[in-house]
Colleague: 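Once you've had a glance at the structure underneath, I'll fire off some questions.
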Amino acid sequence: MKVVFYSTNTNIFDEEHVEFINFPSNCEQFFAFTQKFPDDEFYIVTQKPALFMPEEDPSHAQFESQNGRTFYAPQDFSPEQIAAKIAELSPDLAIAMTFWVAPFDWLTVSDALVAQELQKLGIKTICNPLQTALTCFDKNKTREFFLQNGFNAPRSLFVDHDMFFCAGSQKEVLRNIYRESVFCQIKQMQLPLVIKDTTGLSSYSLAVVNTYGEAFNYLTSKKNNSNRLVQEFAEGLQVGVEVYGTPGNYTVLPPFVFSTNKYGITSPKQSVKFCTALWGIKQSTSLDSLIKNLAEKLQFCGVAQIDLVYKDGKWTFIEINPRLSGMSRSYAAGLGCSLFELIYSPQQKVEMNPVLSLKLPPQEKNVLEKIFELNSSTPAPGSSNDSKLPANESQKISINQIYDSAAKQEREKGWCEVIITSKNVEEIASLLNMVKNLFENLSPELIELQKPDVSIFEQAELILKCPQIDE
């Protein structure tokens, strides 16, 4: 069978200033994947930055082996042109490897448009449908979906930007009654409140307010520059889960638990995520059923990620991202496979090792290499002595980093993710301690912005010791 993995990008990509580093490289992972399926032919059609695709870099060992199998489309290629390029290869199947860009989380829509063109040509696709993409891209439409289909979600209020400011240029209008109605409804909501862009990426444009006065000040300020969704803050355990498959055939992976910052939300730049299938058998079974029900109603095709909150035996749905996510590489590490295999051949029975993900500040390449070299030795649980890993064991530490040297704000420059996985939590704790000690030893050489906050390691140690979802 001939298979094409594809992804698109609607934004200008600054290749000169944005750098992606992966250990192991995407090239190596793609090559290893192709070796598992020798009877199939695999190709790549993508637009940069091609977040999960093989790097266009001759320095990678497997780059030449993929020559002729990877096509990087020009930035201005439309979905129709991407589809035409894929069609030239006469594939039996095209699979979307959708990623994300700021400020609009809409690449699922772009990839869906490609899929529609391919389907017109009789080419089978694995890609989330256009209507699914549109429903999940607009958080207000997502809210309406939750309400209409009986999924528990926080009480929310949609604020139309044009109506909220419509009276500003109308001299005959004494009062903006729409604005007054918004504040009247907000005062009936329970504090604290979350205010977020309806089409933005992750929590980049999210604000948490603790008083009605703060809500008023935010909505009347220049920060309110588009439609907003005001939600009651959902207290509880922050959880994320991914689901793979096609209608009638879904696999729900074990949930990740997220650390939170002082505002009670998960930071996209510095955070901790942990997953172990040993947690909360009863609740995970309940979650599995809920996610499969959600997947069927939205007709997911490929992959989707869902953010939830768990408290007192109840799941609250927050957001849906019908694409690969910031959890995807961690899932692949825990399953001992690449993302290509995970989306190409999802397994009904999931046997996953525990996984810990640390989001740290971006680092110099030599520091990343030192972290990755920790794979060559690991301390025995409870011991400070190093011992060689058995030759047949896979890498237990993997790294991916995004760094934008041209970003104006530090929070926009990127992050370094260190993923640690093992068959037992004790060894993950030992490897975490090795990473922590490495940074302590390197501290004199690092500039202040490269030093991880000590609280990240403290949160990681705590989350390993304290299972959060009880049976």
Colleague: How about Asn11 and Phe104: do any of their side-chain heavy atoms sit closer than 4.5 Å?
Modeller: no

Colleague: Does the side chain of Leu298 reach to within under 4.5 Å of the side chain of Phe145, using non-hydrogen atoms?
Modeller: yes

Colleague: Would you check if there is a donor-acceptor pair between the side chains of Asp453 and Gln270 at a distance under 3.5 Å?
Modeller: no

Colleague: Of all the heavy-atom pairs spanning Gly334 and Thr421, show the shortest one and how long it is.
Modeller: CA-OG1, 3.7 Å

Colleague: Among side-chain atoms of Thr8 and Asp111, is any donor-acceptor pair under 3.5 angstrom?
Modeller: yes

Colleague: Would you please indicate yes or no on a ring centroid separation below 6.0 angstrom for Phe37 and Tyr344?
Modeller: yes

Colleague: Could you tell me whether Glu15 and Lys48 make a salt bridge, using a distance below 4.0 angstrom between a side-chain N and a carboxylate O?
Modeller: yes

Colleague: Do Thr46 and Ser7 have side-chain N/O donor and acceptor atoms under 3.5 Å apart?
Modeller: yes

Colleague: Indicate yes or no for a side-chain donor-acceptor contact from Tyr331 to the backbone of Pro254 under 3.5 Å, with no hydrogens or angles considered.
Modeller: yes

Colleague: To the nearest 0.5 angstrom, please state how far the CG atom of Asp105 sits from the OG atom of Ser325.
Modeller: 10.5 Å

Colleague: Do side-chain atoms of Asn149 reach the backbone of Phe151 as a donor and acceptor pair under 3.5 angstrom?
Modeller: no

Colleague: With a 3.5 Å distance limit and no angle check, can you tell me whether Ser289 reaches the backbone of Ser286 through a side-chain donor-acceptor pair?
Modeller: no

Colleague: A quick test of your reading: do over 12 heavy atoms of other residues, nucleotides or ligands sit less than 6.0 Å from CD1 of Ile447?
Modeller: yes

Colleague: Is the number of heavy atoms from other residues, nucleotides or ligands within 6.0 Å of CD (Gln190) greater than 12?
Modeller: no

Colleague: Hydrogens and angles aside, do Glu417 and Ser357 bring a side-chain donor and acceptor to less than 3.5 Å of each other?
Modeller: yes

Colleague: Under 4.5 Å between any side-chain heavy atoms of Met434 and Ile397, yes or no?
Modeller: no

Colleague: Between the side chains of Ser25 and Glu28, is a donor N or O closer than 3.5 angstrom to an acceptor N or O?
Modeller: yes

Colleague: What pair of heavy atoms forms the shortest contact from Ile318 to Lys196, and how long is it?
Modeller: CG2-NZ, 3.9 Å

Colleague: Hey, are the side chains of Phe256 and Glu242 touching, using non-hydrogen atoms and a 4.5 Å cut-off?
Modeller: no

Colleague: Considering all heavy atoms of both residues, which atom of Trp100 and which atom of Gly326 are nearest to each other, and what is their separation?
Modeller: CH2-N, 3.8 Å

Colleague: Just to verify, what does Glu458 make a salt bridge (charged side-chain N to carboxylate O under 4.0 Å, His left out) with, not counting sequence neighbours?
Modeller: none

Colleague: In the structure I gave you, are the side-chain heavy atoms of Arg323 and Leu107 within less than 4.5 Å of one another anywhere?
Modeller: no

Colleague: Kindly give the heavy-atom pair with the smallest separation between Ser328 and Tyr244, and that separation in Å.
Modeller: OG-OH, 4.1 Å

Colleague: Could you give the distance from OH (Tyr212) to NZ (Lys187), rounded to the nearest 0.5 Å?
Modeller: 9.5 Å

Colleague: In terms of ring plane angle, is the pair Phe317 and Phe146 parallel, tilted or perpendicular, where the classes change at 30° and 60°?
Modeller: tilted

Colleague: Quick one: closest heavy-atom pair of Gly240 and Gln305, and the distance?
Modeller: CA-NE2, 4.1 Å

Colleague: Is the ring pair Phe5/Phe33 parallel, tilted or perpendicular, if the boundaries are 30 and 60 degrees?
Modeller: perpendicular

Colleague: For residues Phe52 and Thr98, report the shortest heavy-atom separation together with the two atoms involved.
Modeller: CE1-O, 4.3 Å

Colleague: Between atom CG of Asp138 and atom CZ of Phe158, what is the distance when rounded to the nearest 0.5 Å?
Modeller: 7.0 Å

Colleague: Side chain of Lys139, backbone of Gly200: donor and acceptor closer than 3.5 Å?
Modeller: yes

Colleague: Hey, what do you get for NZ (Lys314) to CG (Leu308), rounding to the nearest 0.5 Å?
Modeller: 13.0 Å

Colleague: Under 4.5 Å between any side-chain heavy atoms of Asn26 and Leu339, yes or no?
Modeller: no

Colleague: Tell me whether Lys451 is salt-bridged to Glu448, with the criterion being a basic N under 4.0 Å from an acidic carboxylate O.
Modeller: yes

Colleague: Can Lys365 and Glu19 be counted as an ion pair, charged N to O under 4.0 angstrom?
Modeller: no

Colleague: Just so I know, are the side chains of Thr316 and Lys311 near enough to count as touching, which here means a heavy-atom distance under 4.5 Å?
Modeller: no

Colleague: Are there more than 12 heavy atoms of other residues, nucleotides or ligands under 6.0 Å from atom CD of Glu364?
Modeller: no

Colleague: Quick one, Ile399 and Ile21 - any side-chain contact, counting heavy atoms below 4.5 Å?
Modeller: no

Colleague: Got a second to check how far Ile371's CD1 is from Asn366's CG, nearest 0.5 Å?
Modeller: 10.0 Å

Colleague: As an exercise, state the distance from CD of Gln238 to OG1 of Thr260, rounded to the nearest 0.5 Å.
Modeller: 6.5 Å

Colleague: Could you walk me through whether Phe340 and Phe30 satisfy the ring pair (Phe, Tyr, Trp, His ring centres under 6.0 Å) test, starting with their C-alpha distance in whole Å, then the side-chain angles of each, then the deciding distance to 0.1 Å, before giving a yes or no?
Modeller: CA-CA 7 Å; Phe340 300 101; Phe30 182 63; 4.9 Å; yes

Colleague: Do the side chain of Gln363 and the main chain of Pro361 share a donor and acceptor less than 3.5 angstrom apart?
Modeller: yes

Colleague: Quick check against the 3.5 Å criterion: does Asn227 have a side-chain atom that pairs as donor or acceptor with the backbone of His161?
Modeller: yes

